[in-house]
Number of protein chains: 2
Amino acid sequence: MGKIERRETLLGELEQAQGLEALQAAIVGLRDHFRVDHMVYHWVSSNGEQFGCGTYSDAWVQRYVDRDYLRVDPVIIGCYQRFHPVDWKRLDWSSKAARAFQAEAIAHGVGNQGFSVPIRGPVGQFALFTVSHDCSDEDWVRFTEENRRDLILFAHEFNVRALELEPGRSPEQSRALSPREIDAMTLVALGYSRAQVAETLAISEHTLRVYIESARSKLGALNTTHAVARALSRGLIVV
Amino acid sequence: MGKIERRETLLGELEQAQGLEALQAAIVGLRDHFRVDHMVYHWVSSNGEQFGCGTYSDAWVQRYVDRDYLRVDPVIIGCYQRFHPVDWKRLDWSSKAARAFQAEAIAHGVGNQGFSVPIRGPVGQFALFTVSHDCSDEDWVRFTEENRRDLILFAHEFNVRALELEPGRSPEQSRALSPREIDAMTLVALGYSRAQVAETLAISEHTLRVYIESARSKLGALNTTHAVARALSRGLIVV
DNA sequence: CGACCCCTCGCTATTTTTGGGGAGGGGAAA
DNA sequence: TTTCCCCTCCCCAAAAATAGCGAGGGGTCG
């Protein structure tokens with residue numbers, strides 16, 4: 001069976017995958033398909049909960065969690081700010097903590113090469129699809145050039161499956177804001193004071209306050225800042 | 001030339017594409033490849049600026065912008081809250097405004113069927129890769145099932161190109177928040193008052209204030225609400 | 001070593017926001 | 001037609017956030 005056919009088969013299997021175990025099985029299949037040391041899908045849900053599957057050793061995963069390496073790992077830090085899939089070599093390993101982390105990772109069997117695809121969800125979800133391997137720089141460049149597109153595709157497919165696992169996320173859960181409320185909240189989110197917002201919208205400050213309070217009660221928020229946060233998280237306003 | 005080869009050729013061309021004109025040319029090529037009526041790539045940058053390329057008529061684009069249909073279009077509203085690529089039929093067209101919008105869109109040559117792939121960037125960018133066509137429901141289901149993966153792949157490729165067009169976006173432009181600042185801003189975003197946050201973090205309210213002000217200045221924000229909005233938009237905190 | 005950032009604490013005064021009332025006209029949906 | 005929501009305006013008192021000054025110990029990086 002050729003490479004393309006095998007890829008199609010794996011994609012088909014992934015589309016059928018239900019639940020975390022199936023994803024775990026799928027990622028092992030992918031690792032063998034790409035002939036790399038490790039493949040990991042890791043995901044931070046909108047409520048901060050973490051979740052993942054992959055082929056790293058349990059010891060490494062445990063250590064990673066215990067020591068809160070999320071805040072140290074240049075792969076995470078870099079990908080949080082990036083949009084493109086990225087080769088680990090292009091990340092910032094200059095800090096002392098990062099280098100110590102890297103050494104420890106390699107000691108735990110993580111390859112010296114890596115490639116990660118970041119993907120974001122609507123309410124702050126952040127997922128990382130990573131492939132890691134131990135080889136020379138040249139071999140790695142060749143590998144990533146050959147497989148970049150496939151990796152992106154698999155990353156996306158994993159995300160779709162993973163999102164299904166996220167509990168109780170109905171898009172219509174919150175009443176929409178009225179146009180005026182959206183205007184008001186947007187300007188407030190942009191840092192304008194109430195007086196400025198009222199002036200900008202050409203309404204009295206009292207009226208403005210009614211909008212803000214109305215939006216707050218619709219969003220179930222405790223105060224204006226909370227309401228802005230919720231409106232942003234739910235995509236009701238954009239700044 | 002077979003379909004797969006043609007796809008590979010188009011992907012190759014897209015990877016070479018530089019600038020908006022090249023993207024526009026690429027999207028026309030894609031439309032012909034997929035044999036659909038319209039294909040559009042549309043992107044809201046982190047500073048709110050909009051940008052797009054595609055095959056909709058100028059009249060429709062102009063009208064869309066003039067009437068601020070971004071706030072009405074169920075495709076935009078729905079995809080903002082969603083993660084998956086979505087068929088237009090699954091969106092909420094129940095409101096009067098939405099139906100009026102739909103009728104007008106179809107009158108302007110937009111197909112009755114559509115499929116959109118939402119993709120998000122690290123600092124609030126939001127992109128939508130859309131294909132639209134005029135055909136029966138059955139034909140459309142067949143089309144989307146056949147081409148879903150390819151559409152996702154092209155959406156991603158467009159994003160990579162588009163991000164290159166965004167001016168002066170260095171990943172390190174915004175200093176990261178310190179752990180304590182993240183704690184503070186997160187709790188503030190959750191609606192806690194300063195007193196409550198200080199108590200929760202077991203620090204004095206004065207110290208807390210230092211964190212908030214520090215975060216605010218790092219984020220270039222005008223006030224706390226603004227800082228929370230920016231931190232959320234940039235993915236520095238999650239609520 | 002010096003510079004820089006992180007964490008922690010303090011004071012006073014002013015400005016702003018919030019919470020509680022109430023009121024009327026217009027439009028859309030049931 | 002009635003009901004509900006949207007838009008607009010007003011007052012007052014209490015609570016909260018902001019602005020300005022200050023201090024010290026700890027770590028990392030060049």
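These values consider heavy atoms only, across backbone and side chains, with no hydrogens, waters or symmetry-generated copies. Every value quoted in this text rests on a predicted model; they were computed, and no experiment measured them. The sequence lines fix the lettering, A, B, ..., with proteins before strands; numbering per chain opens at 1.
Both A:Ser94 and B:Glu205 lie near DNA chain D, and the one whose nearest nucleotide falls closer to the 5' end is B:Glu205.
Atom CG in A:Leu177 sits roughly 10 Å away from atom P in D:dC7 (whole-Å rounding). Atoms NZ (A:Lys96) and C1' (D:dG26) sit 14 Å apart, rounded to a whole Å. Computed from coordinates, the A:Leu208 CG to C:dT16 C1' distance equals 13 Å when rounded to whole Å. Summarising the geometry, the separation between NE2 on A:His206 and P on D:dC7 is reported as 18 Å, rounded to the nearest angstrom. Between B:Tyr211 atom OH and C:dC7 atom P the separation is 5 Å, expressed in whole Å. Across the protein-nucleic acid pair, A:Ile212 atom CD1 and D:dC7 atom P stand 14 Å apart, rounded to whole Å. Here the P atom of nucleotide C:dG19 and the NE2 atom of A:His226 are 13 Å apart, to the nearest Å. Remark: C1' of D:dA16 and CG of A:Leu222 are 14 Å apart, rounded to the nearest angstrom.
The listed nucleotides are C:dC7, D:dC7, C:dG20; the one nearest the side chain of A:Pro179 is D:dC7. Taking only side-chain atoms of A:Lys218, from C-beta outward, the nucleotide of D:dT18, D:dT8, D:dC6 with the closest atom is D:dC6. Comparing C:dT17, C:dT8, C:dG19 against the side chain of B:Arg180 picks out C:dT8 as the nearest. Residue A:Arg216 has its side chain nearest to C:dG19 when only C:dG19, D:dA19, C:dT17 are considered. Taking every side-chain heavy atom of B:Thr224 into account, D:dT18 is the closest of D:dT18, D:dC11, C:dT17. The side chain of A:Val210 has D:dT8 as its nearest neighbour among D:dT8, C:dC11, D:dA17.
In terms of phosphate contacts, B:Arg194 brings a side-chain nitrogen or oxygen within less than 4.0 Å of OP1 or OP2 of D:dT18. The phosphate of C:dG10 (OP1 or OP2) has a side-chain N or O of B:Ser204 nearer than 4.0 angstrom. Using a 4.0 Å cut-off, some side-chain N or O of A:Ser178 falls inside it from OP1 or OP2 of D:dC7. For the pair B:Thr207 and C:dT8, the criterion of a side-chain N or O lying under 4.0 Å from OP1 or OP2 is not met.
The distance from the OG1 atom of A:Thr225 to the CE atom of B:Met185 is 8.5 Å, given to the nearest 0.5 Å.
A:Asp87 and A:Trp140 form a side-chain donor-acceptor contact under 3.5 Å, judged by distance and modelled atom types alone.
In summary, the aromatic rings of A:Phe101 and A:Trp60 are positioned with their centroids under 6.0 Å apart. Between B:His133 and B:His38, the gap from one ring centroid to the other reaches at least 6.0 Å.
Residue A:Arg209 places a side-chain atom within donor-acceptor reach of the base of C:dG19, judged by atom type and a 3.5 Å distance cut-off alone.
Electrostatic pairing of A:Asp139 and A:Arg142 counts as a salt bridge here, judged by a charged N lying under 4.0 Å from a carboxylate O.
At a threshold of 4.0 angstrom between heavy atoms, the contacts of A:Ser193 are confined to the sugar-phosphate backbone, with no base atom among them.
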